[in-house]
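Below is one structure, written out as structure tokens; comments come after it.
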Amino acid sequence: QVQLVESGGGLVQPGGSLRLSCAASGSILSIGAMNWYRQAPGKPLALVAAITNGGSTNYADSVKGRFTISRDNAKNTVYLQMNSLRPEDTAVYYCNAKVLLLSLRELDSWGQGTQVTVSS
């Protein structure tokens with residue numbers, strides 16, 4: 001069993017910053033890619049940023065240069081630093097991780113989501 005717990009969402013003014021965190025816990029042997037997705041009202045789920053266990057990153061074009069994904073493998077935690085936030089960044093943000101359990105079973109795990117609202 002694996003749990004992903006997100007934190008750090010909230011209300012911020014345009015141009016402001018937020019830092020999201022997502023900590024994985026449970027019977028974890030290793031974690032592969034860790035990703036952040038978001039879903040805005042009336043829109044489909046979309047990949048925001050991804051990071052491999054080696055530290056390679058990938059970003060959606062809409063957030064390049066503003067968001068930074070990072071991870072602490074010792075803490076099984078992934079972060080999303082969001083700067084220069086815009087109203088169109090408003091969404092529920094979800095953490096996702098590809099987890100290898102101690103039982104050698106692979107899981108595609110998701111967090112519960114955290115609301116980010118950018119508004120004046």
Side-chain angles (χ1 to χ4, degrees):
Q1 192 77 358
V2 174
Q3 281 190 321
L4 299 183
V5 179
E6 298 143 346
S7 60
L11 173 64
V12 64
Q13 291 187 341
S17 298
L18 283 174
R19 189 192 194 208
L20 305 183
S21 299
C22 172
S25 62
S27 303
I28 299 170
L29 179 61
S30 65
I31 302 178
M34 301 185 83
N35 312 301
W36 286 99
Y37 287 80
R38 68 185 180 187
Q39 187 166 28
K43 294 189 176 181
L45 193 66
L47 179 66
V48 175
I51 186 167
T52 67
N53 56 8
S56 297
T57 59
N58 190 35
Y59 297 94
D61 287 343
S62 59
V63 306
K64 281 181 182 177
R66 300 188 298 122
F67 290 12
T68 302
I69 189 170
S70 61
R71 63 191 285 172
D72 184 333
N73 290 332
K75 296 181 179 180
N76 289 336
T77 299
V78 63
Y79 306 96
L80 186 67
Q81 178 66 44
M82 305 185 293
N83 299 328
S84 302
L85 282 161
R86 304 167 180 170
E88 54 264 38
D89 295 317
T90 295
V92 179
Y93 284 70
Y94 296 91
C95 172
N96 166 256
K98 315 301 181 185
V99 179
L100 181 62
L101 300 177
L102 295 174
S103 63
L104 301 184
R105 178 185 172 197
E106 292 184 334
L107 282 182
D108 190 16
S109 299
W110 291 85
Q112 80 283 1
T114 186
Q115 177 71 45
V116 172
T117 302
V118 185
S119 175
S120 54

Between Leu104 and Leu29, does a side-chain contact (heavy atoms from CB on, under 4.5 Å) hold up when you go through it step by step? CA-CA 8 Å; Leu104 301 184; Leu29 179 61; 3.7 Å; yes

Grab the two heavy atoms, one from Val92 and one from Gly113, that are nearest each other, plus how far apart they are. CG1-CA, 3.9 Å

Which residue in the set Glu6, Gln112, Arg38 passes side-chain contact (heavy atoms from CB on, under 4.5 Å) when paired with Tyr94? Glu6

Can you tell whether the side chains of Asp89 and Arg86 come within less than 4.0 Å, N to carboxylate O? no

Looking only at heavy atoms, the pair that brings Arg66 and Leu85 closest together is NH1-CA, 3.9 Å

Which pair of non-hydrogen atoms, one from Val48 and one from Val63, has the smallest distance, and what is that distance? O-CG2, 3.6 Å

Donor-acceptor check, side chain of Thr90 to backbone of Val118, threshold 3.5 angstrom: yes or no? yes

Locate the shortest heavy-atom distance separating Glu106 from Leu100; write the atom from each residue and the value. CG-CD1, 3.7 Å

Could you pull out the closest heavy-atom pair between Pro14 and Ser120, with the gap in Å? CD-N, 3.7 Å

Whether Tyr59 side chain and Ile69 backbone form a donor-acceptor pair below 3.5 Å: yes

Minimal non-hydrogen separation, Ser70 against Val78, with atom names: O-CG2, 3.2 Å

Is there a path of hydrophobic side-chain contacts, each under 4.5 Å between heavy atoms of I, L, V, M, F, W or Y residues, that connects Tyr37 with Leu4? no

Less than 4.5 Å apart, side chain to side chain, heavy atoms only: is that true for Asp72 and Tyr79? yes

Would you check if the side chain of Asn96 reaches a backbone N or O of Ser109 as a donor-acceptor pair within less than 3.5 Å? yes

Where do Leu11 and Ser119 land on the side-chain contact (heavy atoms from CB on, under 4.5 Å) test, with the steps shown first? CA-CA 7 Å; Leu11 173 64; Ser119 175; 4.2 Å; yes

Does a sphere of radius 6.0 Å around CD in Gln1 hold more than 12 heavy atoms from other residues, nucleotides or ligands, not counting ones at 6.0 Å or beyond? no

Just do the side-chain contact (heavy atoms from CB on, under 4.5 Å) check on Asn35 and Lys98 with the steps written out, would you? CA-CA 9 Å; Asn35 312 301; Lys98 315 301 181 185; 4.0 Å; yes

Would you say CD of Gln39 has more than 12 non-hydrogen atoms from neighbouring residues, nucleotides or ligands within 6.0 angstrom? yes

So do the side chains of Cys95 and Trp110 get within less than 4.5 Å of each other, counting heavy atoms only? no

Val116 and Leu20, any side-chain heavy atoms less than 4.5 Å apart: yes

Can you tell me how far CD1 of Ile28 sits from CG of Leu102, rounded to the nearest 0.5 angstrom? 8.5 Å

Let me see the working for Asn53 and Arg71 under side-chain contact (heavy atoms from CB on, under 4.5 Å), right down to the final yes or no. CA-CA 8 Å; Asn53 56 8; Arg71 63 191 285 172; 3.8 Å; yes

Could you grab the distance from atom CG of Asn76 to atom CD of Gln3, nearest 0.5 Å is fine? 13.0 Å

